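Data first, discussion second: the structure below is written as structure tokens.
Keep in mind that what you see is a predicted model, and the values were worked out from it rather than measured. Both counts, for ligands and for their atoms, begin at 1 and track the order of listing.
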Amino acid sequence: MSRQLEKIKELITKREKARLGGGEKAIEKQHERGKYTARERIDMLVDEGSFEEYDMFKLHRSHNFGMEKKQFLGDGVVAGSATIDGRLVYVYAQDFTVNGGSLSETMSQKICKVMDMAMQNGAPMICVNDSGGARIQEGICALAGYGEIFERNILASGVIPQISAIFGPCAGGAVYSPALTDFTLMTEGTSYMFLTGPKVVKTVTGEDVDAESLGGASVHSTKSGVTHFTAKTEEEGIALIKKLLSYIPSNNMETAPVVECNDPINRMEDSLNEILPEDPNQAYDMYKVITAITDNGEFFEVQPKFAKNIITGFARFNGQSVGIVANQPAAYAGVLDVNASRKGARFVRFCDAFNIPIVSLVDVPGFLPGTGQEYNAVILHGAQLLYAYGEATVPKITINLRKSYGGSHIVMGCKQLRSDLNFAWPSAEIAVMGAGGAVAVLYAKEAKTHEDPRSFLAEKEEEYTEMFANPYQAAQYGYIDDVIEPRNTRFRICRGLAQLANKRQSLPAKKHGCMPM
Ligand code: HXC
């Protein structure tokens, strides 16, 4: 064999060794835990044959605690570039088979390298987490490695989409990288995220809690809102990430891919003319409205299990990607509260950062009253949603379906927040507050002295409803651009988006605003 061929053979052998990560036994153990390896995950995620790996031969440099004997080619993370549906992405997957995927200085350098490449080349960054956290043997160098990653997460925010998949442990300060990214996905039963694990919790607070109840997928998808998506399996999770990518652009200078649309834009949806219950206080399902108007009835929901009183997600109109924000009358009457505001604000900001128009479907009775909300800063969180809408310069189309009262009317993409097109169904009730509350204030004195205050107030309530519970007062002032037939909603949105395709709007020059948080 020639010298050159020998060298090539050596390369092939080294590559094979690197591909085994922590070795066959460790891979077997990883499978026994119900998890795939880093390379298997990347294979499932990207287009076949498209993955180009970098730093496959990189080694850690620690000599503490006998670490020099624990060397594996590539050191605990597989990183590189690839395509998904033909579009460039950068990806890293922590390799739990190598020292529990713990983060060394070297691993951080590998991760930072692909993050820098993603930024320079305007491509999404996909981060697959499965790690025991900072490599304990490396001490401060591992911690500094996290700092380097976090800084890049921050700088990349709003420039390229960043998506985190949590397919195993993600504990301690390590959770801050996913938290800084745009979307987080967790697998059910095999992943968890928490700042301090069950043992520390027990020591510090005395509370008994297991890992699942402290930071499993169900907790973060329903209670904390930390995760946007959950999946039963890693395969399902990867399919969700691919679908999400199909709705978003590769960077903030591009628009989302447009797909061919076979659904007529002027499709009349007669069912919408009769979708509202007779009693305006009765609920109906906003999902039915969404799927009636979007291309082929498709809707990709973001945070489906958290703050169900507001719905957020992606859909298409005439093939163009939009973000939908909708109140859900079927969950707590669609009221706005702390969690709904947080959820809505974050979604609106993502859409605005990445040139995705926002379509808002409004049926909101107001903000949830009470100490529970006030003590948890509903003022600030409501202001967050307000700020997000008011700051957004992407095309904004708002449809008022039914209730639209008080502060919640203003917050949900009203005209004064520079919304481009504001339409109302004839059933819209746009007023400063609900009839009951309004007459109780307006006629408090008269009611006190009236011989039959109940029927007096009921009569006044009817008067108020007649006067204000309609869209025409708002239309009279130009706060509503048009009152439309519900069945025509899809067409008006499609036509509106076409009109707004070249919209240009900017914000006053500033370093950044001080968003209420
Ligand atoms: C070095 C680690 C490690 C770590 C795991 N390993 N975590 N090595 N540093 N942080 C090693 C284990 O020693 C073991 O090595 C291998 O990875 C697999 O781990 P197991 O314990 O056998 O796996 P499992 O039973 O599945 O348990 C997984 C685990 C557990 C729950 C993650 O390993 C664990 O509790 N690890 C420590 C977690 C932790 O406290 N991390 C530090 C957090 S502080 P061998 O050689 O035996 O196969 C932190 C600060 C970040 O991260 C701050 C950022 C700002």
Side-chain angles (χ1 to χ4, degrees), residues 20-38 41 59-78 92-112 115 127-155 164-181 184 186-187 189-204 209-217 219 226 234:
L20 280 180
E24 273 160 8
K25 263 200 182 150
I27 293 176
E28 222 170 273
K29 225 172 153 191
Q30 175 80 345
H31 289 158
E32 277 165 16
R33 290 185 182 98
K35 301 193 292 184
Y36 285 107
T37 65
R41 287 165 175 162
L59 296 169
H60 74 72
R61 294 186 290 181
S62 173
H63 289 266
N64 302 333
F65 303 98
M67 280 306 282
E68 68 279 2
K69 291 185 212 102
K70 280 189 155 187
Q71 282 286 15
F72 299 91
L73 290 174
D75 191 40
V77 69
V78 181
Y92 73 78
Q94 293 173 324
D95 185 349
F96 195 83
T97 69
V98 176
N99 299 317
S102 56
L103 190 118
S104 64
E105 179 193 32
T106 292
M107 189 165 153
S108 160
Q109 288 165 351
K110 285 184 67 170
I111 291 173
C112 290
M115 291 178 87
C127 321
V128 181
N129 294 256
D130 185 1
S131 166
R135 189 166 297 168
I136 295 162
Q137 297 90 336
E138 290 199 13
I140 184 67
C141 293
L143 276 194
Y146 273 119
E148 296 281 352
I149 296 170
F150 299 163
E151 178 65 19
R152 281 165 178 79
N153 286 134
I154 295 160
L155 295 178
S164 297
I166 318 296
F167 284 167
C170 182
V175 295
Y176 285 120
S177 179
L180 289 166
T181 62
T184 301
M186 294 179 77
T187 41
T190 48
S191 73
Y192 49 83
M193 293 174 81
F194 36 64
L195 270 174
T196 43
K199 277 187 200 150
V200 179
V201 172
K202 175 75 186 164
T203 314
V204 177
V209 64
D210 59 26
E212 185 60 33
S213 325
L214 185 62
V219 169
V226 164
E234 291 183 23

Who are the side-chain contact (heavy atoms from CB on, under 4.5 Å) partners of E212, not counting sequence neighbours?
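side-chain contact (heavy atoms from CB on, under 4.5 Å) list for E212, sorted by chain: D210, S218.
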Taking side-chain contact (heavy atoms from CB on, under 4.5 Å) as the test, write out the residues that go with R33, two or more places apart.
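K29, Q30, K35, F96.
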Inspect the surroundings of OH in Y176 and state if more than 12 heavy atoms from other residues, nucleotides or ligands are less than 6.0 Å away.
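No, because the 6.0 Å sphere around OH of Y176 holds 12 heavy atoms or fewer from other groups.
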Are side-chain heavy atoms of V204 and K199 found at a separation under 4.5 Å?
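No - every pair of side-chain heavy atoms lies 4.5 Å or more apart.
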Any residue meeting salt bridge (Lys or Arg N to Asp or Glu O under 4.0 Å) with E148, in chain and number order, not counting sequence neighbours:
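Partners of E148 by the salt bridge (Lys or Arg N to Asp or Glu O under 4.0 Å) criterion, ordered by chain and then number, come out as R152.
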Please tabulate, one line per pair, the protein nitrogen or oxygen atoms found under 3.5 angstrom from a nitrogen or oxygen of ligand 1, with distances to 0.1 Å, or say none if there are no such pairs.
residue: ligand 1; atom: 9 (N); partner: I136; partner atom: N; Å: 3.1
residue: ligand 1; atom: 10 (N); partner: G132; partner atom: O; Å: 3.1
residue: ligand 1; atom: 10 (N); partner: A134; partner atom: O; Å: 2.9
residue: ligand 1; atom: 17 (O); partner: G100; partner atom: N; Å: 2.9
residue: ligand 1; atom: 23 (O); partner: R33; partner atom: NH2; Å: 3.3
residue: ligand 1; atom: 26 (O); partner: R33; partner atom: NE; Å: 3.0
residue: ligand 1; atom: 26 (O); partner: R33; partner atom: NH2; Å: 3.4
residue: ligand 1; atom: 41 (N); partner: G132; partner atom: O; Å: 2.6
residue: ligand 1; atom: 46 (O); partner: K70; partner atom: NZ; Å: 2.7
residue: ligand 1; atom: 52 (O); partner: A134; partner atom: N; Å: 2.8

Between the side chains of T181 and N153, is a donor N or O closer than 3.5 angstrom to an acceptor N or O?
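Not at all, the side chains of T181 and N153 share no donor-acceptor pair under 3.5 Å.
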